[in-house]
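Written below as structure tokens is the structure these notes are about.
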Amino acid sequence: MEAVAVLDFETTGLSPAQGDRATEIAITRIQDGVVTDRFQSLMNAGRRIPAEITVLTGITNAMIASAPPASEVMRAAANFVGDCPLVAHNAAFDRKFWLAELARLPVSAPPADFACTLLLSRRVYPQFSSHRLGAVVAALGLPAAGRAHRAMADAEMASHLWMQLQRELCERYGVRHLQFAHLMALQRLSRHRVPEWAKALALAS
DNA sequence: TGCCAGGCCCTCTTTAGGGCCTT
């Protein structure tokens with residue numbers, strides 16, 4: 001499969017539309033089933049972190065105060081990603097912060113496709129009772145990396161999950177390679193249409 | 001003062017409601 005970039009944000013809250021901002025970003029680049037590169041940085045967007053978010057992430061206002069400006073970090077992140085398609089767990093969340101933070105830069109970044117390991121996990125492992133990132137990684141026996149709810153630890157876990165999803169689908173449906181577009185198509189389908197997708201995949205391979 | 005997102009998915013659904021998931 002072509003290279004992908006797996007992204008995770010820590011933020012001050014759930015909604016950029018409500019004024020929330022990113023506080024940390026981590027990105028891995030995956031090529032041929034291996035993490036080949038990593039990008040990670042705290043960032044200062046000038047927005048105070050609520051106490052309950054600090055409890056969750058461990059990221060404090062003091063840490064942010066000494067971090068580089070969000071604009072600088074996001075410019076570097078966009079350069080790191082380049083034209084790679086993106087992957088995130090509950091990608092709708094990371095996508096809206098990615099777009100909101102990039103929209104503040106004077107230069108526009110190319111729009112990126114976002115694959116979602118949460119949606120794919122629901123399709124591929126419907127028997128799991130929880131599809132939270134940590135729960136899925138634990139259920140699959142994948143390595144947990146560092147403190148959960150820090151950007152690089154979560155990006156690493158999502159990376160392992162992304163690679164496991166590909167291995168599982170290849171093995172289950174007897175195909176050697178999956179394209180990013182195949183997984184994007186799968187995540188858009190309702191669960192009962194997965195067999196249709198698998199049949200089309202087998203015919204195309 | 002009190003409130004605060006949004007998209008997906010399931011079902012006791014579809015003229016809707018509520019849980020999950022991200023921080």
Side-chain angles (χ1 to χ4, degrees), chain A residues 5-28 40-64 67 70 73-74 77 86-104 111-140 142 144-162 164-165 183-197:
Chain A
V6 184
L7 167 70
D8 188 82
F9 275 113
E10 303 307 320
T11 71
T12 63
L14 294 174
S15 174
Q18 299 290 321
D20 289 318
R21 297 294 303 274
T23 58
E24 188 180 43
I25 186 171
I27 312 168
T28 69
Q40 176 184 26
S41 183
L42 290 164
M43 66 179 94
N44 185 351
R47 170 90 173 181
R48 285 195 64 79
I49 304 172
E52 65 270 21
I53 303 291
T54 291
V55 170
L56 179 71
T57 66
I59 299 172
T60 66
N61 285 300
M63 290 161 68
I64 293 305
V73 174
M74 288 305 300
L86 285 155
V87 176
H89 196 73
N90 196 10
F93 173 85
D94 292 283
R95 181 175 183 274
K96 66 187 178 182
F97 276 95
W98 176 252
L99 294 176
E101 293 295 345
L102 289 179
R104 294 173 174 272
D113 284 330
F114 270 78
C116 179
T117 52
L118 170 63
L119 294 180
L120 288 166
S121 175
R122 285 175 174 158
R123 301 293 179 281
V124 178
Y125 304 111
Q127 73 274 22
F128 286 0
S129 59
S130 169
H131 293 274
R132 293 170 59 184
L133 180 58
V136 175
V137 163
L140 291 169
L142 300 172
R147 185 195 200 283
H149 295 300
R150 283 301 298 267
M152 184 50 82
D154 285 0
E156 292 272 6
M157 286 197 290
S159 301
H160 287 299
L161 176 54
W162 172 254
Q164 172 59 32
L165 285 162
L183 292 166
M184 287 294 289
L186 175 59
Q187 77 180 30
R188 291 191 186 107
L189 295 178
S190 59
R191 187 184 296 173
H192 71 276
R193 292 183 63 195
V194 172
E196 253 175 68
W197 172 88

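No experiment lies behind these values; they were computed from the predicted model shown. The sequence lines fix the lettering, A, B, ..., with proteins before strands; numbering per chain opens at 1.
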Between D154(A) and L119(A), whichever has its closest DNA chain B nucleotide further toward 5' is L119(A)

Suppose you measure atom P in dG2(B) against the same atom in dG18(B); what distance do you get, rounded to whole Å? 23 Å

Name all pairs fulfilling the salt bridge (Lys or Arg N to Asp or Glu O under 4.0 Å) condition that reach into residues 89-98 of chain A, sequence neighbours left out, sorted by first residue then second. none

Using the P atoms only, state how far dC20(B) lies from dC12(B), rounded to an integer number of Å. 16 Å

Is the F114(A) ring parallel, tilted or perpendicular to the W98(A) ring (thresholds 30°, 60°)? perpendicular

For the side chain of N90(A), counting heavy atoms from C-beta on, which of dT23(B), dT22(B), dC20(B) is nearest? dT22(B)

With no hydrogens and no angle check, just 3.5 Å: does a side-chain donor-acceptor pair link D20(A) and T12(A)? yes

Separation of the C1' atoms in dA16(B) and dC3(B), to the nearest angstrom: 23 Å

Counting side-chain heavy atoms from CB outward, which of dT23(B), dC21(B), dT22(B) is closest to L133(A)? dT22(B)

Within the pair H89(A) and dC21(B), is there a side-chain N or O less than 4.0 Å away from OP1 or OP2? no

Could you tell me how far apart E10(A) (CD) and dC21(B) (C1') are, to the nearest whole angstrom? 14 Å

Quick one: does any side-chain atom of R47(A) pair with a main-chain N or O of G19(A) as donor and acceptor, under 3.5 Å? yes

Does T23(A) place a side-chain N or O at less than 4.0 Å from the phosphate oxygens OP1/OP2 of dT23(B)? no

Using a 4.0 Å heavy-atom cut-off across all strands, classify L118(A) as base, sugar-phosphate, or nothing. sugar-phosphate

How many Å lie between CZ on R95(A) and C1' on dA5(B), as a whole number? 15 Å

Looking only at dA5(B), dC8(B), dT23(B), the nucleotide nearest the S15(A) side chain is dA5(B)

Closest nucleotide among dT23(B), dA5(B), dC20(B) to the K96(A) side chain: dA5(B)

Write down the distance separating the C1' atoms in dC21(B) and dT15(B), rounded off to the nearest Å. 28 Å

On DNA chain B, check which nucleotide each of R132(A) and Q18(A) is closest to and give me the residue with the more 5' one. Q18(A)

P atoms of dG19(B) and dT13(B), separation to the nearest Å: 16 Å

C1' atoms of dT23(B) and dG17(B), separation to the nearest Å: 25 Å

Go through the steps to decide whether Q127(A) and Y125(A) satisfy the test side chain to side chain contact (heavy atoms under 4.5 Å, CB included), and finish with yes or no. CA-CA 5 Å; Q127(A) 73 274 22; Y125(A) 304 111; 3.9 Å; yes

Nearest-Å distance, CZ (F128(A)) to P (dC20(B))? 17 Å

From the set dT22(B), dT23(B), dG7(B), return the single nucleotide nearest to any side-chain atom of A92(A). dG7(B)

Which part of the nucleic acid, if any, lies within contact of D94(A), taking any heavy atom under 4.0 Å across all strands shown: a base, the sugar-phosphate backbone alone, or nothing? nothing

